[in-house]
Amino acid sequence: MFLVGSGPGDPELLTRKAWRLLTDADFVLHDSLVDDALLDQLPASVEVVDVGKRPPDRTSQADINDMLVDLSRDGAAVVRLKGGDPHVFGRGGEEAQHLAAADVPFEVVPGVSSAVGAPGVAGIPLTHRDCASSVTVVTGHETPDKDESALDWDALADTIVSGGTLVVLMGVRRLSNNVAALRDHGVPAETPVAMVQKATWREEQTVSGTLATIEAEKEAAGIEPPAVTVVGDVVDVRADTREWLDR
């Protein structure tokens, strides 16, 4: 049983080990962020199962856990394929715990997380000697103003103001809430922001602006999930490299 990261989208960003396991598998259980361009390259002998959590055909985590255990106990070669890296907001940790509790042998095969890959292909370094010495990655699914938020918005704002980089995954639909939370906690309106949609996919596009303008930029460009949001001074580095990356 293997928990495998597929990277941000482009099949060529798979590790060699991941591709070997995929082509040798009996079953590949994949999530919604895995590109069909990768799945279409698998041998006909591999049974591909979509266990994504997007409606209307949402698969519960409990059902996924049971499938992983049952198929593995039947002696099948099983790959649980996740977009990005299994352990970066991919529930890989939960599935590993479930497999361990069920005494099912497993191995984790890392992938390139979109938290790193998306800014990189867009020309945005997460760290830079001149402007950023730290990176914080958070989920954008959580509403900032809900009671007992797991995110410390004061600390996140302080990180950005002091020169750190904030990466928000899965935050397209809550962009307005996240922008408002950062502004309310003291991040200046002119702070650079970028959104990278479907990095390394055919539909990849990047928009950039500031906390004051990024919502309008997002709407004008029609940015849709999945997309990564980057906040901090490193976003301005893109202006120096964009011409070369777009060639």
Side-chain angles (χ1 to χ4, degrees), residues 1-61 63-96 98-99 104-123 169-170 172 196-206 223-228 245-247:
M1 170 66 229
F2 299 90
L3 302 174
V4 177
S6 68
D10 184 347
E12 291 190 344
L13 293 176
L14 276 173
T15 63
R16 293 176 63 181
K17 184 170 186 175
W19 181 245
R20 173 174 60 80
L21 294 171
L22 285 167
T23 55
D24 290 343
D26 296 313
F27 294 90
V28 171
L29 280 61
H30 70 90
D31 67 18
S32 302
L33 295 178
V34 176
D35 196 341
D36 288 341
L38 167 59
L39 300 173
D40 291 344
Q41 296 180 42
L42 297 179
S45 58
V46 179
E47 184 168 341
V48 178
V49 183
D50 183 352
V51 293
K53 294 184 175 65
R54 289 182 179 172
D57 301 317
R58 180 186 294 268
T59 307
S60 73
Q61 189 61 53
D63 287 342
I64 295 172
N65 291 344
D66 290 342
M67 291 174 67
L68 295 178
V69 170
D70 292 344
L71 290 172
S72 297
R73 283 178 172 169
D74 288 342
V78 182
V79 170
R80 173 68 169 108
L81 186 64
K82 297 171 174 289
D85 181 271
H87 284 356
V88 181
F89 297 114
R91 301 198 185 186
E94 297 173 39
E95 293 173 2
H98 187 82
L99 292 167
V104 174
F106 68 93
E107 182 177 341
V108 177
V109 181
V112 178
S113 171
S114 60
V116 176
V121 299
L169 300 184
M170 305 169 290
V172 174
V196 187
Q197 172 189 277
K198 290 195 171 183
T200 77
W201 295 42
R202 292 175 295 276
E203 302 90 344
E204 177 187 327
Q205 66 169 323
T206 301
I223 297 292
E224 297 180 350
V228 172
L245 292 171
D246 288 348
R247 289 186 179 184

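By convention here, the first residue in the shown sequence is residue 1.
For residues 42-51, the set of pairs meeting the salt bridge (Lys or Arg N to Asp or Glu O under 4.0 Å) definition, not counting sequence neighbours, is empty. Listed by first and then second residue, the side chain to side chain donor-acceptor pair (under 3.5 Å) pairs involving residues 80-89 are R80-E95, K82-E95 (not counting sequence neighbours).
Between the side chain of S72 and the backbone N or O of V69 there is no donor-acceptor pair closer than 3.5 Å. Looking at D10, its side chain does come within 3.5 Å of a backbone N or O of E12 through a donor-acceptor pair.
Of all non-hydrogen atoms in V79 and A25, the two that sit nearest each other are CG2-CB, 3.9 Å. Scanning both residues, D31 and G83, for their nearest heavy atoms gives OD2-N, 3.1 Å. Residues S32 and G52 approach most closely at OG-CA, 3.2 Å, considering heavy atoms.
With contacts defined as side-chain heavy-atom distances shorter than 4.5 Å, the pair D35/W201 qualifies. Taking 4.5 Å as the limit, every side-chain heavy atom of M170 sits out of range of all side-chain heavy atoms of P225. The side-chain heavy atoms of T15 and V4, taken from C-beta on, include no pair separated by under 4.5 Å. In this structure the side chain of V28 reaches within 4.5 angstrom of the side chain of L42, judged on heavy atoms. Between V49 and M67 the shortest side-chain heavy-atom distance falls below 4.5 Å. Contact annotation: the side chain of D63 never approaches that of V51 to less than 4.5 Å [non-hydrogen atoms, C-beta and beyond].
Checked against side-chain contact (heavy atoms from CB on, under 4.5 Å), D70 has the following partners two or more places apart in sequence or in another chain: D66. Qualifying side-chain hydrogen bond (donor to acceptor under 3.5 Å, both in side chains) partners for N65, counting only residues two or more places apart in sequence or in other chains: Q61. L14 meets the side-chain contact (heavy atoms from CB on, under 4.5 Å) test with S6, A18, W19, L22, L38; sequence neighbours excluded. Residues meeting the side-chain contact (heavy atoms from CB on, under 4.5 Å) test with D40, sequence neighbours left out: D36. For Q197, the side-chain contact (heavy atoms from CB on, under 4.5 Å) partners are E203, Q205, I223, E224, A227, not counting sequence neighbours. Every residue was checked against the side-chain hydrogen bond (donor to acceptor under 3.5 Å, both in side chains) condition with D26, not counting sequence neighbours, and none meets it. Residues satisfying the side-chain hydrogen bond (donor to acceptor under 3.5 Å, both in side chains) criterion with S45, sequence neighbours excluded, are absent altogether.
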- CA sep, side-chain torsions, deciding dist, call: V121, L245, side-chain contact (heavy atoms from CB on, under 4.5 Å): CA-CA 8 Å; V121 299; L245 292 171; over 6 Å; no

- Message: Go through it in stages, so that I can follow the logic: the residues are L68 and V78, the test is side-chain contact (heavy atoms from CB on, under 4.5 Å), and I'd like the CA-CA distance, side-chain angles, deciding distance and then a yes or no.
- Response: CA-CA 7 Å; L68 295 178; V78 182; 4.2 Å; yes

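Atoms CZ and CG, on F2 and L21 in that order, are 5.0 Å from each other to the nearest 0.5 Å. The line from CG of L81 to CG of L39 is 6.5 Å long, rounded to the nearest 0.5 Å. Between the CG atom of L29 and the CG atom of L71 there is a distance of 6.5 Å, given to the nearest 0.5 Å.
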Show every donor-acceptor pair shorter than 3.5 Å between a side-chain atom in residues 104-115 and any protein atom, with sequence neighbours excluded, or say none if there are none.
unit_1, atom_1, unit_2, atom_2, d
E107, OE2, K17, NZ, 2.3
S113, OG, A115, N, 3.1

